[in-house]
Amino acid sequence: MLDKTYRPKEAEAEAYRLWEETGAFAAEPERNAERFTIVIPPPNVTGKLHTGHALNNTMQDVLMRYHRMRGDDAMWMPGMDHAGIATQMVVERGLEAEGKTRRGLGREAFVERVWDWTQQSGETIRNQLRSLGAGPDWARERFTLDEGLSEAVRTVFVRLYKERLIYKDLRLVNWDPKLRTAISDLEVQQQETDGHLWHFRYPVEGEPQRSLTVATTRPETMLGDTAVAVHPDDPRYKDLIGRKVILPLVDRPIPVIADDYADPATGSGAVKITPAHDFNDFEVGLRHDLPKINIFDETAHLNDKVPEAYRGLDRFEARKKVVADIEALGLLEKVEPHRHTVPHGDRGGVPIEPFLTEQWYLDAATLAKPAIAAVEEGRTVFHPKQWENTYFEWMRNIQPWCISRQLWWGHQIPAWYGPDGTCFVEMTEEEAATAAKAHYGEAVELSRDPDVLDTWFSSGLWPFSTFGWPSQDAEVTANLERYYPGSVLVTGFDIIFFWVARMMMFGLHFMGEVPFRDVVIHGLVRDERGKKMSKSLGNAMDPIELIEQYGCDAVRFTLLALAVPGRDLKLAPVRLEGYRNFATKIWNAARFAEMNEATAAAASNFDPGKCKEPVNRWIIGRTVEAKADLAAALEVYRFDEAASGLYRFLWNRLCDWYIELAKPLLADAATAGETRATLAWALEQTLLLLHPMMPFLSETLWQQLGYGAKGPLVSQRLPDYPPALRDPAADADIEWLIELVGEVRGLRSEMNVPAAAKVELLLSDAGPETKRRLEAQSEAIGRLARLSRLEAVGEPPPKGSALFVIGEATAAIPLAGVIDLATERARLEKEVGKLEAEASKLERKLGNANFLAKAPEEVVEENRERLADMSGRRERLSGALARLSA
RNA sequence: GGGCGGUUAGCUCAGCGGGAGAGCGUCUCGUUUACACCGAGAGGGUCGGCGGUUCAAAUCCGUCACCGCCCACCA
């Protein structure tokens, strides 16, 4: 016997154990079936999962379970990402708490420490995914830093280097002075900041009374100025071009140059040029062959290229001192408040410095071309499609990708340097040594490049590296051929550039084929008020806590129901409660079935096609419909529609109507057998349909109701229903019944008939079909509408009745002495008024020759039918109204 | 400065060329043997404004307003 309510906690542990024990999640490469592949977006091993992960993995899990139940060979590749900077920072913070530092520990010991952390975090994440009900093929789990994937990374690096698509370059990079590493453009966040615009006077050389005013938001960089630029056509400064100004504080003469970059309309029209500390100035410097004076060290403290007084100051202190000193010299013209965007490192959170260093770059523009074409040609399709614009926009303007990082946690770059700096890029140190020997003619000592690769470099290989690429092993090759490209990638829009774009580029370059056919983009999970969830705001919801509180299936179903494509979702407790109630509702429907012995035994040998009772035939039809709706929704990744369809079917069809209508049938020996079997069958089908979205509840009920003999629900196949299972005649009968009951209930309520009181229902003008329906369903109708008498009568409705129209018949509830005539008259008048308005609207439409000529035939026909119906109702109701008044 | 998205019932959101919908909330009634995490019923909307296309517009086009997000080197 089922418990009074569903208890998710025990049920979840039990079901997951069953799935793992039966190997339900294992892909079946040997089975001859269509394959369905998803590679997981590998979570970072930075701690634990958030609600965004819950959404992302639930969507994937639904697709996996659904496709497995459809009979596909379902391959869900699990794994995690080492997440370079992010993980290194987490571990460093831990060290800090112990009073230790990364550098104090040394590289080797530190990396070991990160591995320890990774084990821990990995275990947490694995358990969280299990709690979510996610069922990937655990035996295949990979890590971006494991041996196989590291070999893939080295292979890709060496190949691209040899193809000259990876190269070293000395140029300005985005430098994070806190983390002391280069970062890529994507890791830079522009932040609106209230700053100042300082106007400095630079005295003209040999003409001390005259000066050139420049404006800057970064006064400290003036110590590295090597020119002042003016527009070549700016009449104010024409005579100064080619002359020099004296850089204050430094007393260095610097040239006034002519360059289009200087905008006469902005500020004074003259702009200071600091080639080593500004991306634009760097370009200007190249054009004019200016020296680049780097005034910072890697922590953005001033170095020995500046006058003694400034050395060792950090950039913010230096700013204050420079401004003060300029002011003391009387060269500060003015200071204006100025709002501008300041680039910040997305991890370190401090302003980044454009910094002149040698780094490794990847020629992304070359790799992007086929990746753009693939999406243009539809070989990979985004859902919703509008995200393709975002992808194109970025890919078409892509810049060289800085892939080296001055970190310790990551894939160390496979480059070795000889004594004279010659670089050897090879798979192993031995191969580098061999190459070096050939180069130098003798064995030399090599030193390895200390840098590691951007974490997204290895993530970009994930769709094929996880299957064992580049191993030539026969099994690996077969696997790769079978499971690449993936069917679907499910991910958030926030990593389209970081990850999706890179997988496209690498996949096409190394596999010659796109990494996935469909890209499903979901939104961000926000809090109830639409705020981004964050630890600092304190509004972050822990998915595991939610699961404890509401049950996993409720959490899953909520996320899915809210997952409208291309839109962020607001996760509110009230929604979670609603879907928790839904789970309870299903549980109770099952309890009802169990109490009536409508369980597995009753459903065995049942042929739904041979049912007699319209009620039973009707719910069978609704079930068939529900499956079609579910399939259609999932086909286009409309998880929200899949969820609402099941909700409607289960609650509004199965529970609200079928179970209620089945009650009298179950009580009658003549119909009990068939109805029991139908109920059992419908519930069984419901569990099959529900399973991808609510795996725990459905599996638990499957077992409890005795279906477990067929094996676990997770491994069942979804049936294909024969079309003949739908019976339009039965549907019409039951829809008529539903309408009739609804009308009576509405009237009772409006007329304030006490709930316990039974009333009579008399139908005038009933045709043969209505009479047949009345006859067949009188018991159910009587029960649901609380009637003491129900029949068709030859005479018009008695006076003092509440009236409504159903089909061709007029229904009357005699309420003489109960109803207030005036109230009923008012109600009918309102009703007639509404029908009148509707009908006249339709009449106008149908009276329009253009409409008749241009609208499709079926639209015209539909409108005619509606008009006929409206007019019929109106006439009968106004007739009734007349008699009431008479 | 570019680009994208949004504006529909009190709230959260579907619908995106032919009868304005759902869930929650509100109000009324109800403890009939699945379920009060329940049942029955009701009220509630100039579909942001204006203009256009069309026989027909919440739905397509233009425009304006407001709200988000992404990208971008202006001193």
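Order of the sequence lines fixes the chain letters, A, B, ..., with proteins taken first and strands second; residue numbering starts at 1 for each chain.
Within the 3.5 Å criterion, the main-chain N or O of A/Arg748 finds no donor-acceptor partner in the side chain of A/Asn752.
B/U12 and B/C37 have their P atoms separated by 26 Å, with the value rounded to a whole Å. Between B/A14 and B/U53, the two P atoms lie 31 Å apart (nearest whole Å). A distance of about 27 Å separates the P atoms of B/G51 and B/C11, rounded to the whole Å. Here, B/C29 and B/C67 have their C1' atoms 42 Å apart, quoted to the whole Å. Going from the P atom of B/C13 to that of B/G48 covers 15 Å, rounded to whole Å.
Across all strands shown, A/Ala572 has no heavy atoms under 4.0 Å from either base or sugar-phosphate atoms. No engagement by A/Ser644 is indicated, since no non-hydrogen atom pair under 4.0 Å with the nucleic acid exists. Heavy atoms of A/Arg866 sit under 4.0 angstrom from at least one base atom. Residue contacts for A/Val574: at a heavy-atom cut-off of 4.0 Å it reaches the sugar-phosphate backbone alone, with no base atom in range. When heavy atoms are screened at a 4.0 angstrom cut-off, A/Ala853 is found touching no nucleic acid atom at all. Across all strands, A/Lys663 comes closer than 4.0 Å to base atoms (heavy-atom distances). Residue-level contact check: A/Thr390 touches neither bases nor backbone, having no heavy atom under 4.0 Å from any strand. Contacts of A/Arg638 with the nucleic acid, taken as non-hydrogen atoms under 4.0 Å apart, involve only primed sugar atoms and P, OP1 or OP2. Using a 4.0 Å heavy-atom cutoff across all strands shown, A/Arg748 reaches no nucleic acid atom at all. Among the protein residues, A/Glu660 comes within range of the nucleic acid bases, having at least one heavy atom under 4.0 Å from a base atom.
The closest side-chain donor-acceptor pair between A/Thr599 and A/Glu594, if any, does not fall under 3.5 angstrom. For the residue pair A/Ser184/A/Glu187, the side-chain donor-acceptor check at 3.5 Å is satisfied.
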| Working for side chain to side chain contact (heavy atoms under 4.5 Å, CB included), residues A/Arg786 and A/Val744 | CA-CA 9 Å; A/Arg786 299 199 65 73; A/Val744 177; over 6 Å; no
Step by step, work out the salt bridge (Lys or Arg N to Asp or Glu O under 4.0 Å) result for A/Arg218 and A/Glu220. CA-CA 6 Å; A/Arg218 300 208 50 200; A/Glu220 68 279 12; 2.9 Å; yes
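When the ring-ring contact (aromatic ring centres under 6.0 Å, His included) test is applied to A/His277, the partners found at least two apart in sequence or on another chain are A/Phe296.
In this structure, A/Arg396 forms a cation-pi arrangement with A/Phe392, its terminal cationic atom sitting closer than 6.0 Å to the ring centre and no more than 45° off the ring axis. Cation-pi geometry between A/Arg502 and A/Trp401 is met: under 6.0 angstrom from the ring centre, within 45 degrees of the axis.
With pairs defined as Watson-Crick or G-U wobble and both atom distances under 3.5 Å, the stems of at least three pairs that touch RNA chain B come out as B:1-7 with B:65-71, B:10-13 with B:21-24, B:26-30 with B:38-42, B:48-52 with B:60-64.
Place A/Glu528 and A/Val188 on RNA chain B by their nearest nucleotides, and A/Glu528 ends up nearer the 5' end. For A/Lys570 and A/Phe497, each mapped to the nucleotide of RNA chain B holding its nearest heavy atom, the one lying further toward the 5' end belongs to A/Lys570.
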The contact string for nucleotides 36-44 of chain B, one letter per nucleotide 5' to 3', using protein heavy atoms under 4.0 Å with B, S and - for base, sugar-phosphate only and none, comes out as -BSSSS---
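A/Asp278 has its side chain out of reach of A/Leu172: every pair of non-hydrogen atoms, C-beta onward, lies at least 4.5 Å apart.
The nearest whole Å value for the distance from the CG atom in A/Asp494 to the P atom in B/C71 is 10 Å. Whole-Å rounding puts the A/His340 NE2 to B/G1 P distance at 18 Å. Between A/Ile659 atom CD1 and B/U32 atom P there is a gap of 18 Å when expressed in whole angstrom units. The separation between A/Arg567 atom CZ and B/C67 atom C1' is 12 Å, rounded to whole Å. In this structure, CD of A/Glu857 is placed 14 Å from C1' of B/G18, rounded to the nearest angstrom. Rounded to an integer number of Å, the gap from CE of A/Met395 to P of B/G3 is 21 Å. Nucleotide B/A14 holds its P atom 10 Å from the CG atom of A/Leu562, rounded to whole Å. Atom pair A/Phe592:CZ and B/U32:P shows a separation of 15 Å (rounding to whole Å applied).
Salt bridge annotation for A/Arg866-A/Glu862: present, with a cationic side-chain nitrogen under 4.0 angstrom from a carboxylate oxygen.
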For residues 575-584 of chain A, which side-chain N or O atoms pair as donor and acceptor with protein atoms under 3.5 Å away, sequence neighbours left out?
| unit_1 | atom_1 | unit_2 | atom_2 | d |
| --- | --- | --- | --- | --- |
| A/Arg575 | NH2 | A/Tyr579 | OH | 3.4 |
| A/Thr584 | OG1 | A/Arg580 | O | 3.1 |

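Here the two rings, on A/Phe382 and A/Trp387, have centers that are 6.0 Å apart or farther.
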Distances under 3.5 Å between nitrogen or oxygen atoms of protein and nucleotides 53-60 of chain B:
| unit_1 | atom_1 | unit_2 | atom_2 | d |
| --- | --- | --- | --- | --- |
| B/C55 | OP1 | A/Lys854 | NZ | 2.2 |
| B/C55 | O2' | A/Asn848 | ND2 | 3.1 |

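Screening residues 561-572 of chain A for side-chain hydrogen bond (donor to acceptor under 3.5 Å, both in side chains), with sequence neighbours left out, gives A/Arg526-A/Asp568.
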